[in-house]
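Lettering of chains follows the sequences in order, A, B, ..., and the numbering in each one begins at 1. No hydrogens, no waters, no symmetry mates; every other heavy atom, side chains included, goes into these values. Not measured: the values here are computed from a predicted model.
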2 protein chains.
Amino acid sequence: MDTARASQTKRRTRIQQEKEEAILEAALEVFSKHGFRGSTIDQIAEEAGMSKPNLLYYFPAKEAVHRVLIDRILDTWLDPLRELDAAGDPLPEIQSYIRRKLEMARDYPRESRLFANEILQGAPRISEELNNLKKLVDEKAAVINTWIKAGKLAKVDPYHMIFAIWATTQHYADFDVQVRAVLGKERSGDGRFEDAARFLDQLFVHGLKPDAG
Amino acid sequence: MDTARASQTKRRTRIQQEKEEAILEAALEVFSKHGFRGSTIDQIAEEAGMSKPNLLYYFPAKEAVHRVLIDRILDTWLDPLRELDAAGDPLPEIQSYIRRKLEMARDYPRESRLFANEILQGAPRISEELNNLKKLVDEKAAVINTWIKAGKLAKVDPYHMIFAIWATTQHYADFDVQVRAVLGKERSGDGRFEDAARFLDQLFVHGLKPDAG
DNA sequence: TGTAATCTTGACCAAGCGGTCAATTTTTGA
DNA sequence: TCAAAAATTGACCGCTTGGTCAAGATTACA
């Protein structure tokens, strides 16, 4: 118990700190590319520049590495939603939420894909964490409902609205190969995120019907 | 060559026809649940009610089964987009495209997840098929652009519009566990698809800004 | 009915995998 | 400086996996 707490809250040595970080970084790279079952400890160890037994000196098992990653990711992944401010102006709040989510898809695609992989497989390793997720969404859905009641937003189901935001933004990380294949080489540069941001702004505020003026 | 063609175009025996179909159905079930690497031939054979060597009597390798599935899926998956009619009314055309895609997510979630799995892993087994995908999207993007030029649709990037439709609809199949976890048990019934349809209709036509009247 | 073609599977193999262990090297700190 | 603690790894183990093979069961058809 004592050692367990110590190793959780405070790394003991400099080497331990560095190596655990290197392993997690390598595991993120490998897991996000091949999924949990498709990744091997040897691959991760090689990516981290160490031997397999050495990796297992820091983490008791392959799954332990994965769990730490998932926990971290889910946490940072929800930060943008946490920032949704009930006191702010509804439409701008939602627009900036979308922008932040899109920036995360751009800057942390590996994290997005690792998480997507987990959900796609039925989330066998994170049924618990999904509860926290629900709690946060319930909370923010209530906020959105007050906005709607105040006539500051169209009457929509806040849950499906959040799903739509998640889906449209994470799509650019999770389905990156498809997006690039469809856009073609010329349009696969960084500009695609700005185009996406522009489109999503229009979609979520005004929809697709022609501008009435 | 001769035998190869014969087995592709016309099944030789009744048993062959039935067993190959049973294998593909079983493989769809298993692959969509565990991904390619996470699935074993034994699992698929058991699901299909036969022995592993028997399965390998009909398909030369695990990957061959997967390839046939992917080919079929990609084809039926694009049918709704093919139906997008340049001669129709823009908004209703798009609305019914969204509805059809949502119905596919509801009725064929395994197919959606299998495909998502493949793309997520970087589409190692289908770089070729992505070309056909691009061709079709280019074609339909041109149609959408004529609609925009005619003033019948807001000025948006047709590619990102199509991405948004794919993302929001397939989300209900690919991220099903997450959707159910967030909605809670009470709202995880079939009704969620009707709610989603209603929301997406509002979103894609009018956006989220309060109804002006 | 009989026999050739088709179908089926238990037993097996080699490779890959997660994880262990004992032995060695490196680092730490008095 | 030097011994204890921490870090590192080659060799290894048992299990799973994709795929083969030979031998037997079933089916098709003349």
Next on the checklist: From CE of A:M50 over to P of D:dA6, roughly how many Å is that when rounded to an integer?
Outcome noted: 18 Å
Next on the checklist: At 4.0 Å (heavy atoms only), tell me whether B:T40 reaches a base, stays on the sugar-phosphate, or touches nothing.
Outcome noted: sugar-phosphate
Checklist entry - Does B:E139 come within less than 4.0 Å of B:K135, counting only side-chain N to carboxylate O? => result no
Checklist entry - Given atom CD1 of B:I44 and atom C1' of D:dT16, what is their separation to the nearest angstrom? => result 15 Å
Below 3.5 Å between N/O atoms, which protein atoms pair up with nucleotides 19-21 of chain D? Just atom names and distances, please.
unit_1 : atom_1 : unit_2 : atom_2 : d
D:dG19 : OP2    : B:K62  : N      : 2.9
D:dG19 : N7     : B:K52  : NZ     : 3.3
D:dG19 : O6     : B:K52  : NZ     : 2.9

Checklist entry - Whole-Å distance between D:dA6 C1' and A:K19 NZ? => result 11 Å
Checklist outcome for this item: Those residues at least two apart in sequence (or on a different chain) that pass ring pair (Phe, Tyr, Trp, His ring centres under 6.0 Å) with B:F175 are B:H171
Next on the checklist: Expressed as a whole number of angstroms, how long is the span from A:D42:CG to D:dC12:C1'?
Outcome noted: 14 Å
Checklist entry - Tell me: CD of B:E46 to P of C:dG10, nearest whole Å? => result 12 Å
Checklist entry - Hey, is the side chain of A:N54 poking within less than 4.0 Å of OP1 or OP2 on D:dA7, counting only N and O atoms? => result no
Pair up each side-chain donor or acceptor in residues 191-198 of chain A with any protein partner under 3.5 Å, not counting sequence neighbours, and list the distances.
unit_1 : atom_1 : unit_2 : atom_2 : d
A:R192 : NH1    : A:S188 : O      : 3.0
A:R192 : NH1    : A:G189 : O      : 3.0
A:R192 : NH2    : A:D176 : OD1    : 2.9
A:D195 : OD1    : A:R198 : NH2    : 2.9
A:D195 : OD2    : A:R187 : NH2    : 3.3

Checklist entry - C:dC7 phosphate, OP1 or OP2: any side-chain N/O from B:Y57 under 4.0 angstrom? => result yes
Item to check | Gap between atoms CD and P, on A:E20 and D:dT8 respectively (whole Å) | outcome: 11 Å
Checklist entry - If you count the non-hydrogen atoms of other residues, nucleotides and ligands that lie under 6.0 Å from CD in A:E128, is the total more than 12? => result no
Next on the checklist: Within this structure, what is the CG-CZ distance for the pair A:L28 and A:R110, rounded to the nearest 0.5 Å?
Outcome noted: 4.0 Å
Output a table of nitrogen or oxygen pairs between the protein and nucleotides 22-30 of chain C separated by less than 3.5 Å.
none

Checklist entry - Does A:Q16 have a side-chain nitrogen or oxygen under 4.0 Å from the phosphate oxygens OP1 or OP2 of D:dA7? => result yes
Checklist entry - B:F59 near the nucleic acid: base, sugar-phosphate alone, or nothing, with a heavy-atom cut-off under 4.0 Å? => result nothing
Checklist outcome for this item: Residue pairs passing the ring-ring contact (aromatic ring centres under 6.0 Å, His included) test with at least one member in residues 19-58 of chain B, sequence neighbours excluded, are B:F31-B:F36, B:F31-B:H66, B:F36-B:H66
Next on the checklist: Going by side-chain hydrogen bond (donor to acceptor under 3.5 Å, both in side chains), name the residues that satisfy it together with A:E46, two or more places apart in sequence or in a different chain.
Outcome noted: none
Checklist entry - So, do A:L81 and A:R100 sit near enough that their side-chain heavy atoms are less than 4.5 Å apart? => result no
Item to check | Side chains of A:I70 and A:R125 in contact at under 4.5 Å (non-hydrogen atoms) | outcome: no
